[in-house]
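Reviewing the structure listed below.
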There are 2 protein chains.
Amino acid sequence: MEDFENNHAQDLDSETIFIVSQTFKALGDPTRIRILNLLFTKECSVNEIAETLDIRQSTVSHQLRFLKNLRLVKYRREGTSLYYSHDDEHVMLILKQMIDHACHS
Amino acid sequence: MEDFENNHAQDLDSETIFIVSQTFKALGDPTRIRILNLLFTKECSVNEIAETLDIRQSTVSHQLRFLKNLRLVKYRREGTSLYYSHDDEHVMLILKQMIDHACHS
DNA sequence: TCGATATATGTTAATGTGTTCATATAATAC
DNA sequence: GTATTATATGAACACATTAACATATATCGA
């Protein structure tokens, strides 16, 4: 039997495992969670993120690159500033669910 | 304004951040994903998990302890065997969503 | 009590991760 | 062109993580 839409196979194929673990790994860090949670509300420049969350600019930039590689965020330029926003509705929904889950426990 | 049920604060409180990142970290490893995915279907003994997924017994045991500490799995004893099953419906639902998400991308 | 089986645990080595500092690049205004 | 501001990048370090091996513990049956 094919197992295309119905994921109850005994084991997953390696590509699926890779993507899923990579994405959860992205969400498995306090700094990245805070950044994504901020981007929930609004688009932000790198400096806005750094100042709002009190994290060094280079740290924010490194983590944004990480999130960008996974297509979890995108940006647009405006002068010398880059405005970042989230780029994966589904993953953001999953993040929101986990935050709600944590708040109720 | 209070921000109890409505999580769109600029920043999250540190305990929420900790729980959320810990839980995602648990899901951010290929071995643990495979184990949890197997437990989706059915309760399994440690050996069953190790054999089905072709992972060493000690590795499975270590990862199960990890998942147990986060209350993501539970077990019952039957003779010398321990039968593990999942113990957090909500997190399992989140895992399933991410797997489906990965399959459609 | 002893042997067999199932599982857990301690240790170690290799690898990966996150932050920092220093510096480079890019866009803009002058 | 230069200065200024915003952001990215590279290197280095401390720390965490993973899997493997060896060994310990626990349950059961004889």
Side-chain angles (χ1 to χ4, degrees), chain A residues 11 14 17-39 42-85 87, chain B residues 11 14 17-39 42-85 87:
Chain A
D11 199 7
S14 60
I17 293 171
F18 179 75
I19 295 171
V20 171
S21 65
Q22 280 291 109
T23 311
F24 278 132
K25 211 166 277 185
L27 301 175
D29 172 76
T31 302
R32 290 191 290 270
I33 289 174
R34 295 174 69 207
I35 292 173
L36 287 174
N37 181 68
L38 181 57
L39 297 183
K42 63 184 206 306
E43 193 185 49
C44 284
S45 73
V46 178
N47 266 339
E48 277 182 288
I49 297 171
E51 281 163 27
T52 304
L53 303 180
D54 194 30
I55 308 171
R56 291 179 197 283
Q57 177 268 321
S58 74
T59 301
V60 173
S61 189
H62 278 300
Q63 298 296 8
L64 285 171
R65 179 169 59 174
F66 187 110
L67 296 171
K68 183 75 173 53
N69 286 338
L70 290 173
R71 296 177 207 278
L72 263 37
V73 300
K74 62 180 190 288
Y75 65 84
R76 69 180 174 84
R77 182 176 282 282
E78 194 175 305
T80 55
S81 296
L82 299 185
Y83 284 87
Y84 279 83
S85 54
D87 197 27
Chain B
D11 199 6
S14 61
I17 293 171
F18 179 75
I19 295 173
V20 171
S21 65
Q22 281 291 110
T23 310
F24 278 131
K25 210 166 276 183
L27 301 175
D29 173 77
T31 302
R32 289 191 291 269
I33 288 174
R34 295 173 69 208
I35 292 174
L36 287 174
N37 182 68
L38 182 57
L39 297 184
K42 62 183 205 307
E43 192 185 50
C44 284
S45 72
V46 178
N47 265 341
E48 276 181 289
I49 297 171
E51 281 163 28
T52 306
L53 303 180
D54 194 29
I55 308 172
R56 291 180 198 282
Q57 178 268 321
S58 73
T59 300
V60 172
S61 189
H62 278 298
Q63 298 295 9
L64 284 171
R65 180 169 58 173
F66 186 108
L67 296 170
K68 182 74 172 54
N69 286 338
L70 290 173
R71 298 176 206 280
L72 263 36
V73 301
K74 61 180 190 286
Y75 65 84
R76 68 179 176 85
R77 182 176 282 285
E78 196 174 301
T80 55
S81 295
L82 299 186
Y83 284 87
Y84 279 82
S85 54
D87 196 28

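Residue numbers begin at 1 in each chain, while the letters A, B, ... track the order of the sequences.
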Are [X] and [N] close enough that a side-chain N or O sits under 4.0 Å from OP1 or OP2?
| X | N | result |
| --- | --- | --- |
| Arg65(B) | dT9(C) | yes |
| Thr59(B) | dA19(D) | no |
| Arg56(A) | dT19(C) | no |
| Arg32(A) | dG18(C) | yes |
| Tyr84(A) | dA6(D) | no |
| Asn47(B) | dT5(C) | no |

More than 12 non-hydrogen atoms from neighbouring residues, nucleotides or ligands closer than 6.0 Å to CZ on Phe66(A), yes or no?
-> yes

More than 12 heavy atoms from other groups under 6.0 Å of OH on Tyr83(B) = yes

Separation of Ile55(B) atom CD1 from dC21(D) atom C1', in whole Å?
-> 17 Å

Under 3.5 Å: donor-acceptor pair, side chain of Thr52(A), backbone of Ile49(A) = no

Flag as yes if His62(B) stacks onto the base of dT18(D) (centroids under 5.5 Å, planes under 30°), otherwise no.
-> no

Can you list, by residue number, the residues of residues 20-31 of chain B that have a non-hydrogen atom closer than 4.0 angstrom to DNA chain D?
-> Lys25(B), Asp29(B), Thr31(B)

Contact list for DNA chain D against residues 71-82 of chain A - heavy-atom distance below 4.0 Å = Thr80(A), Ser81(A), Leu82(A)

Assign each of Gln57(A) and Gln57(B) to its nearest nucleotide of DNA chain C by heavy atoms, then name whichever residue's nucleotide is nearer the 5' end.
-> Gln57(B)

Identify, with sequence neighbours excluded, every residue that meets salt bridge (charged side-chain N to carboxylate O under 4.0 Å, His left out) alongside Arg77(B).
-> none

